[in-house]
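Have a look at the structure below before the remarks.
Numbers here are sequence positions counted from 1.
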Amino acid sequence: MNKDQPPQSRWMNRTRTEGGTGPAEPAGDLQDAAEVARLFCEALMDPGHFRNTLESLVTPGSREHWGDFGAAARELQQVPDWDVAAVAEPAEGNPEVAYVWIFPTAAAGTTPGSGRPADGATVVTLVWRDQLGAWLVHAFGQRVDPATAGGTA
């Protein structure tokens with residue numbers, strides 16, 4: 001595997017039944033924002049080990065702000081028994097920005113995959129990169145204004 005190639009060139013054509021599992025050998029579809037958010041969160045469970053994966057999943061414009069991904073990892077740890085919404089929520093007025101909710105599976109009134117925020121939930125902001133044909137993570141923890149997220153990707 002050539003680490004200098006962008007992530008989609010290595011992972012875009014894999015299916016869930018091909019290749020590895022988890023953040024070390026991603027098997028998800030980078031054209032699915034919810035799948036990218038899930039992979040990102042799985043990698044955050046051990047940011048030291050999966051640093052290359054995390055760096056390949058974030059927008060180039062946000063890369064310097066992530067540091068060692070420790071702050072995002074600590075924020076994810078605050079969501080007990082987390083799950084990722086199955087469907088991304090498109091940003092109003094900018095189809096190249098999407099939000100994927102990360103929520104506690106035991107949250108009252110919320111079922112995994114509903115896409116609705118719940119108490120204790122956090123959010124992943126993703127930006128579509130047309131030249132890559134993939135969604136990339138722009139921010140974690142709060143929704144980024146869609147008017148600014150796409151321009152800084």
Side-chain angles (χ1 to χ4, degrees), residues 1 3-4 6-8 10-11 14 16 19-92 94 96-129 132 134-153:
M1 201 184 281
K3 70 176 186 165
D4 295 324
Q8 76 290 348
R10 297 191 303 260
W11 307 330
R14 287 189 181 180
R16 287 190 182 279
T21 58
E25 299 245 356
D29 180 359
L30 295 181
Q31 293 182 342
D32 180 342
E35 189 65 29
V36 173
R38 176 177 300 284
L39 178 60
F40 183 77
C41 289
E42 288 174 356
L44 280 178
M45 299 306 293
D46 188 352
H49 186 76
F50 297 118
R51 184 174 177 97
N52 289 339
T53 298
L54 289 164
E55 287 178 349
S56 71
L57 291 174
V58 299
T59 59
S62 71
R63 199 163 288 144
E64 69 184 52
H65 302 289
W66 290 99
D68 65 357
F69 295 93
R74 286 186 295 280
E75 184 161 346
L76 180 61
Q77 290 170 356
Q78 298 302 310
V79 182
D81 192 25
W82 58 269
D83 198 1
V84 178
V87 178
E89 175 187 330
E92 189 173 323
N94 188 344
E96 294 183 350
V97 176
Y99 307 106
V100 177
W101 290 98
I102 312 301
F103 52 88
T105 56
T110 304
T111 57
S114 71
R116 293 177 290 147
D119 289 339
T122 193
V123 68
V124 180
T125 300
L126 299 104
V127 176
W128 176 254
R129 303 297 291 177
L132 301 176
W135 288 97
L136 295 177
V137 175
H138 184 70
F140 184 84
Q142 58 186 341
R143 293 167 70 126
V144 174
D145 181 348
T148 61
T152 60

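Partners of F40 under the ring pair (Phe, Tyr, Trp, His ring centres under 6.0 Å) rule, at least two apart in sequence or in another chain, are W66. In this structure, E75 has no salt bridge (Lys or Arg N to Asp or Glu O under 4.0 Å) partners at least two apart in sequence or on a different chain. Listed by chain and residue number, nothing satisfies the salt bridge (Lys or Arg N to Asp or Glu O under 4.0 Å) test with R63 (two or more places apart in sequence, or in another chain). With sequence neighbours left out, A33 forms a side-chain contact (heavy atoms from CB on, under 4.5 Å) with A88, A98, V100, L126, W135. Listed by chain and residue number, R51 satisfy the side-chain hydrogen bond (donor to acceptor under 3.5 Å, both in side chains) test with E55 (two or more places apart in sequence, or in another chain). Residues forming a side-chain hydrogen bond (donor to acceptor under 3.5 Å, both in side chains) with R143 (at least two apart in sequence, or on another chain): E89.
Separation of atoms CE (M45) and CD (Q77) is listed at 6.0 Å; rounding is to 0.5 Å. Distance check: W128 CH2 to L136 CG gives 9.0 Å after rounding to the nearest 0.5 Å. Considering NE2 of H138 and NE2 of H65, their distance stands at 8.0 Å, rounded to 0.5 Å. Taken to the nearest 0.5 Å, the OG1 atom of T105 stands 3.5 Å off from the CG atom of D81. The CG atom of L30 sits 8.0 Å away from atom OG of S56, with the distance rounded to the nearest 0.5 Å. Annotation: the span from F69 atom CZ to L44 atom CG amounts to 7.5 Å, rounded to 0.5 Å.
In this structure, the side chain of Y99 engages the main chain of V144 through a donor-acceptor pair within 3.5 Å. Listed for the R74 side chain is a donor-acceptor partner under 3.5 Å among the backbone atoms of G70. Of the possible donor and acceptor atoms, none in the side chain of T53 sits under 3.5 Å from a partner among the backbone N and O of A43.
Across C41 and F140, no two heavy atoms sit closer than the pair SG-CE1, 4.0 Å. Considering all non-hydrogen atoms of both residues, F103 and W101 come closest at CD2-O, 3.8 Å. Taking all atoms of both residues into account, the shortest heavy-atom contact from A147 to D145 is N-OD1, 2.9 Å. Closest of all the heavy-atom pairs between R38 and V84 is NH2-O, 3.5 Å.
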